[in-house]
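Counting starts at 1 for both ligands and their atoms, following the listed order.
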Amino acid sequence: MAKKRVLSGMQPSGLMHLGNLLGALDNWKKLQDQYECYYFIADWHALTANYADTSNVRHYVREMIIDWLAAGLDPEKAVIFQQSLVPEHAVLHILLSMITPTPWLERVPTYKEKIDQVKDKDLHTYGFLGYPVLQAADILMYQAAFVPVGIDQVPHLELTREIGRRFNAFYGDVFPEPQPLLTEYPKLPGTDGRKMSKSYDNCLYLSESPEQITKKIMQMVTDPARKRRQDPGNPDVCPLFSLDKIFAPKEWQDYINVECRRAGVGCVDDKKELLKHLLAYLAPIQERRKKLSADPKKIENIIRDGSNRAGAVAAKTMEAVKKAMKL
Ligand code: TRP
């Protein structure tokens, strides 16, 4: 039986951090053994909000490919490609835009949120409103059965299904309905205790050296009520303990869970122990990053080859689309 198709993408709007690794990449990596996977860098999506300053996009695309490969995505197993190298995405986007009612787009929660909250950029553009139409094109292009995403992307998937249904109703059955594969992962705290996010400047990046990671962990916020070493702390509200629960061995977690509460152990000791395990976890990734960074030709070949493979599938879909639309 043919493997079902999985597709997902990420915007190259910054460097990848530990939250991205645990929340998405580790999951993508598992899926590449069970499914026919397509993973792509959504560089056009990054332009929808960053159109005024595009100077970083190229750099982030390259670093993202390196992060993906270093984290274990395997171009022998999955098709790894770049959206802008498969121009069919733009063609399908424009055709889908013809049938997408604008009120559907104005209702999208991420759209409303960003329009209300983002003040340093003008997001009242045609491109930004059309963000989910481009995403629908990305997904429908590969007739993907499953799309691994976080919960925030579910409305985009819903809209993708609605656009696909509307297309099928007008022109005949071309697109199957994709389902989200929800990536369940506890939110990773950043160094300030809030959710790890590049907009908070509290991230541990995959591209950082062990020295930089060490410095950040040593300055990381712990239980804010525990001001001095002799104060008892509460691991339940401590962001450092959240990291312990992921990276430190069970015995250490149990030890902290008892000793922190009676000031038997200090935050500095906990940080040092966490660092041992965190740095060991990151070491092979950083090793692969180093090798890949020194070999730009290899990176370029991988992304070109993946984009050619994706392009072959996209060309077939576009033939079916044009035939259905009598173009
Ligand atoms: N909107 C997604 C995000 O911000 C990125 C994305 C673009 C995507 N196209 C996609 C995700 C297609 C899944 C499938 O995370």
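- Counting heavy atoms under 4.0 Å from ligand 1, residue V147 touches it through the side chain alone.
- By the 4.5 Å heavy-atom criterion applied to side chains, V174 and L140 are not counted as neighbours.
- Any N or O atom pair closer than 3.5 Å counts here, and S8 shares no such pair with ligand 1.
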Please tabulate, one pair per line, all N/O donor-acceptor pairs under 3.5 Å involving side-chain atoms of residues 96-112, not counting sequence neighbours.
{"residue": "S97", "atom": "OG", "partner": "I94", "partner atom": "O", "Å": "2.7"}
{"residue": "T100", "atom": "OG1", "partner": "L96", "partner atom": "O", "Å": "2.7"}
{"residue": "T110", "atom": "OG1", "partner": "H156", "partner atom": "NE2", "Å": "2.9"}

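- Close contacts between ligand 1 and Y131 involve ligand atoms 1 (N), 2 (C), 3 (C), 4 (O), 5 (C) [criterion: under 4.0 Å to a heavy atom].
- Between the side chains of E63 and Y205, no donor N or O sits under 3.5 Å from an acceptor N or O.
- Among protein heavy atoms, atom 9 (N) of ligand 1 sits closest to D138 OD2, 2.8 Å.
- Side-chain contact between N308 and L85: absent, with no pair of heavy atoms (C-beta onward) separated by less than 4.5 Å.
- Atoms CG and CE, on L95 and M325 in that order, are 5.0 Å from each other to the nearest 0.5 Å.
- Taking the ring axis of Y200 as reference, the NZ or CZ atom of R194 stays within 45° of it and closer than 6.0 Å to the ring centre.
- Contacts with ligand 1 closer than 4.0 Å are made by side-chain heavy atoms of F40 only, the backbone lying farther away.
- Of all the heavy atoms of I139, the ones lying under 4.0 Å from any atom of ligand 1 belong exclusively to the side chain.
- Atom 8 (C) of ligand 1 has as its closest protein heavy atom Q135 NE2, 3.6 Å.
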